[in-house]
Amino acid sequence: MDRARQQQALLLLPICLAFAFSLTAVVSSHWCEGIRRVVKPLCQDQPGGQHCIHFKPDNSSNGRMDNDSQAVLYIWELGDDKFIQRGFHVGLWQSCEESLNGEDEKCRSFQSIVPAEEQGVLWLSIGGEVLDMVLILTSAILLGSRVSCRSPGFDWLRVDALVAIFMVLAGLLGMVAHMMYTTIFQITVNLGPEDWKPQTWDYGWSYCLAWGSFALCLAVSVTAMSRFTAARLEFTEKQRAQNGSQHSQHSLPEPKASESVWKTGAAPRPAGQAFRNVSGHLPPGAPGKVSIC
């Protein structure tokens with residue numbers, strides 16, 4: 001493998017890495033992470049219970065408990081003790097939060113949480129992320145064919161240009177989709193249902209992967225465009241050099257008439273002119289013959 005193909009194979013690695021980052025970010029649910037403050041559920045006064053509000057029912061004077069509508073509950077937790085902190089994480093598709101025991105998670109669709117007037121923007125964001133992956137995958141296929149196939153009759157410089165264009169489009173689409181999702185999440189935090197609103201939140205690792213894919217797309221696009229420009233200039237210089245050598249070969253000067261005359265020993269006779277031999281009128285001892293017109 002020559003040096004150019006090795007450089008193209010190395011350029012294929014960040015494209016595959018960008019696709020892996022984008023795909024992982026889309027299918028995961030850790031774009032945003034935070035903590036929710038929820039009220040503890042009621043539970044009986046049992047030792048060791050930490051995730052519910054402890055109470056004791058008031059028994060009647062005759063020793064039996066009244067029905068639920070007349071029972072008096074003595075709650076021991078006051079103020080912040082009535083609340084519990086639950087971690088949650090949100091992605092493009094669903095929102096998950098920890099259960100009371102902390103062993104499993106409870107998930108629901110993120111679309112059901114987003115306000116109705118913002119759901120169209122959410123689908124635009126998802127469509128932008130999917131189209132971003134399609135463009136990155138297309139660029140990987142084109143560059144892979146550029147490395148593996150060496151057909152002499154095909155203009156491979158166009159493939160380099162297409163890779164640069166597709167990658168910059170993928171990066172721009174990804175950037176717009178990320179910004180739309182960020183806006184939708186912030187609107188949902190302010191206008192979403194009360195049983196979902198977080199107390200504190202921050203961006204998660206999926207969000208970082210999505211922006212990492214954006215950075216890789218732009219880096220690959222700049223590299224591919226610079227390589228295309230350099231290869232195009234080199235190809236143009238080679239064509240100019242070949243055309244110059246061919247032109248110099250076809251424009252060689254022809255021998256002059258005087259040289260041909262001395263070589264052949266005959267003088268040219270233009271049309272309409274007559275030549276006369278005056279050798280007989282020369283003085284004795286004059287060399288050669290002279291013809292005048």
Side-chain angles (χ1 to χ4, degrees), residues 17-41 51 79-100 102-137 166-221:
L17 191 60
F19 179 77
F21 282 0
S22 182
L23 180 61
T24 304
V26 169
V27 300
S28 62
S29 59
H30 288 267
W31 284 65
C32 298
E33 300 174 347
I35 296 175
R36 290 187 59 240
R37 187 183 182 190
V38 297
V39 180
K40 295 179 181 178
H51 302 289
D80 292 337
D81 294 335
K82 296 188 300 182
F83 298 94
I84 186 175
Q85 305 291 334
R86 288 186 184 178
F88 79 99
H89 52 89
V90 185
L92 292 174
W93 307 101
Q94 60 183 1
S95 173
C96 300
E97 67 178 25
E98 298 176 352
S99 60
L100 291 177
E103 295 179 356
D104 53 358
E105 293 180 341
K106 180 181 178 182
C107 300
R108 55 176 169 173
S109 174
F110 182 62
Q111 186 181 2
S112 62
I113 302 172
V114 176
E117 59 273 11
E118 301 295 334
Q119 290 185 2
V121 184
L122 176 62
W123 283 110
L124 284 177
S125 175
I126 295 175
E129 297 290 346
V130 174
L131 187 57
D132 173 29
M133 292 190 298
V134 171
L135 289 174
I136 296 175
L137 183 60
F166 286 167
M167 291 302 292
V168 72
L169 288 178
L172 293 177
L173 278 174
M175 179 187 67
V176 174
H178 305 341
M179 296 177 65
M180 284 194 297
Y181 179 82
T182 304
T183 304
I184 292 169
F185 181 80
Q186 293 176 353
I187 292 175
T188 307
V189 169
N190 296 326
L191 303 179
E194 293 295 333
D195 61 344
W196 178 85
K197 288 184 178 180
Q199 183 181 9
T200 59
W201 64 275
D202 201 354
Y203 298 108
W205 57 266
S206 299
Y207 192 79
C208 297
L209 285 181
W211 282 106
S213 176
F214 161 76
L216 287 173
C217 288
L218 292 188
V220 170
S221 175

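What you see is a predicted model; the values in this text were computed from it and never measured.
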Smallest separation among heavy atoms of [X] and [Y], with atom names:
| X | Y | value |
| --- | --- | --- |
| Ile136 | Phe19 | CG2-CB, 3.6 Å |
| Tyr207 | Thr182 | OH-OG1, 2.9 Å |
| Ala170 | Cys217 | CB-SG, 4.2 Å |
| Ile113 | Ser95 | CD1-CB, 3.7 Å |
| Phe88 | Thr200 | CE2-O, 4.0 Å |
| Ile184 | Phe110 | CG2-CE2, 4.5 Å |

Contact between [X] and [Y] at the side-chain level, heavy atoms closer than 4.5 Å - yes or no?
| X | Y | answer |
| --- | --- | --- |
| Thr188 | Glu118 | no |
| Thr183 | Val121 | no |
| Glu129 | Tyr181 | no |
| Arg36 | Gln199 | no |

**OP:** Would you please indicate if the ring centroids of Tyr203 and Trp205 are separated by under 6.0 Å?
**Re:**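 No - the distance between ring centres of Tyr203 and Trp205 does not fall below the 6.0 Å cut-off.
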In Å, rounded to the nearest 0.5 Å, how long is the span from [atom1] of [X] to [atom2] of [Y]?
| X | Y | atom1 | atom2 | value |
| --- | --- | --- | --- | --- |
| Glu105 | Gln94 | CD | CD | 9.0 Å |
| Leu131 | Leu124 | CG | CG | 11.5 Å |
| Leu218 | Ser213 | CG | OG | 9.5 Å |

**OP:** Take Phe214 and Asp132, measure what side-chain contact (heavy atoms from CB on, under 4.5 Å) needs, and give me the verdict at the end.
**Re:** CA-CA 9 Å; Phe214 161 76; Asp132 173 29; over 6 Å; no
Kindly list each side-chain donor-acceptor pair under 3.5 angstrom involving residues 24-35, sequence neighbours excluded, with atom names and distances?
residue	atom	partner	partner atom	Å
Thr24	OG1	Ala20	O	2.8
Ser28	OG	Thr24	O	2.8
Ser28	OG	Ala25	O	3.2
Ser28	OG	Ser206	OG	2.4
Ser29	OG	His89	ND1	3.2
His30	ND1	Glu33	OE2	2.8
Trp31	NE1	Ala25	O	2.6

Subject >> Partner residues of Gln111 under the side-chain contact (heavy atoms from CB on, under 4.5 Å) criterion, sequence neighbours left out >> reply: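 Gln111 satisfies side-chain contact (heavy atoms from CB on, under 4.5 Å) with Ser109, Gln119, Leu122, Trp123 only.
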